[in-house]
There are 2 protein chains.
Amino acid sequence: MVANKSKSVRRDIFQAIADPTRRAIIFLLAVGAMTPNAMAEHFNSSRQAVSKHLKVLVECEVVNQEQQGREIHYHLNSDKMKEIEKWLEQFKQLMESRFNQLDSVLDKLKNESK
Amino acid sequence: MVANKSKSVRRDIFQAIADPTRRAIIFLLAVGAMTPNAMAEHFNSSRQAVSKHLKVLVECEVVNQEQQGREIHYHLNSDKMKEIEKWLEQFKQLMESRFNQLDSVLDKLKNESK
DNA sequence: ATTTTGCGCAACCAAATAGTTGCGTATATA
DNA sequence: TATATACGCAACTATTTGGTTGCGCAAAAT
């Protein structure tokens, strides 16, 4: 038995989008669900390579699988994508706080020069 | 002589934010410029480890260095952060196109049922 | 002038990544 | 029923990552 991967390896949205092939897969799936074979045809990458990326994306909970006969349709979990926006929002708030500090410094200077 | 790193290794904003320590550094620098020592004190990570992350961030053009005596002040290049937003915008547009397709399908069904 | 501090860099290491080839298996098709 | 197709998985590889320790050097403090 192998140790639980989710405990040892980083599996989050930021890891998911770190690879350009995975970003391309995400863009493809944004348009609609797809099978691994269909995806592999879109960029010059082997089916197995795509399959491995899909495994990572499943582990990161960015995509879901839907079995249909011998095909597996991969769907995008767009909720997970929102975590990027959430992080960016936090970032922007920090940036604003920085400017607010700068503003207060400028205000101070203004008052002192009175 | 070693091969140019920028040619072999991926150095973009997505690589920059893939690591949690680097994301923490970005948040710190969002508030204001800082030296490596000051950053290292903020999370339990050695100065050298932080230094390595900063090197990656410089290569990804997410931060700039400003030498001041023996200290180096690291500044955030917030323009680079906009590339994430840009990518998210593209993604959202694709998602909308998906829903527009769905809408047109629904419209079609509606017309057919007339 | 000597010591301390701030920093980058090289060397090393274990682990993870991204890809490949070669299976096995289940579902379709002939 | 025999064959083709869709897919995941294991094993192997080269490269990258993220961390460490141990320098060396220049600037600051003593």
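Just so we're on the same page: letters track the sequence lines, and every chain starts at 1.
The interatomic distance linking Lys52(B) (NZ) with dT21(D) (P) rounds to 13 Å, in whole Å. When rounded to the nearest whole Å, the span between NZ of Lys55(A) and C1' of dA11(D) equals 13 Å. Rounded to whole Å, atom P of dG8(C) lies 7 Å from atom CG of Leu54(B). In this structure, CD of Gln67(B) is placed 12 Å from P of dA26(D), rounded to the nearest angstrom. Atom CZ of Arg47(B) and atom P of dG18(D) are 19 Å apart (whole Å).
Nucleic acid contact class of Gln68(B) (heavy atoms, under 4.0 Å, all strands): none.
Between the side chains of Glu66(B) and His75(B), at least one donor N or O lies within less than 3.5 Å of an accepting N or O.
A donor N or O paired with an acceptor N or O is not found under 3.5 Å between the base of dG8(D) and the side-chain atoms of Gln65(A). Counting distance only, with no hydrogens placed and no angle test, the side-chain atoms of Gln48(B) and the base atoms of dG18(D) include no donor-acceptor pair under 3.5 Å. Judged by distance alone, with hydrogens and angles left aside, Arg70(B) brings a side-chain donor or acceptor within reach of the base of dA27(D), the pair sitting under 3.5 Å.
Between Val56(A) and Tyr74(B), the residue whose closest nucleotide on DNA chain C is further toward the 5' end is Tyr74(B). Positionally, the nearest nucleotide of DNA chain C for Ala38(B) lies more toward the 5' end than for the other of Arg22(A) and Ala38(B).
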From CA spacing to verdict: side-chain contact (heavy atoms from CB on, under 4.5 Å), Met81(A), Ile26(A): CA-CA 10 Å; Met81(A) 297 296 287; Ile26(A) 288 173; 3.8 Å; yes
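Under a 3.5 Å cut-off, the side chain of Gln67(A) and the backbone N or O of Gly69(A) do form a donor-acceptor pair.
Here the nucleotide nearest the side chain of Pro36(A), chosen from dC7(C), dG8(D), dT16(D), is dG8(D).
Note on ring orientation: taking the six-membered ring where Trp is involved, the planes of Phe14(A) and Trp87(A) are perpendicular (angle over 60°, cut-offs 30° and 60°).
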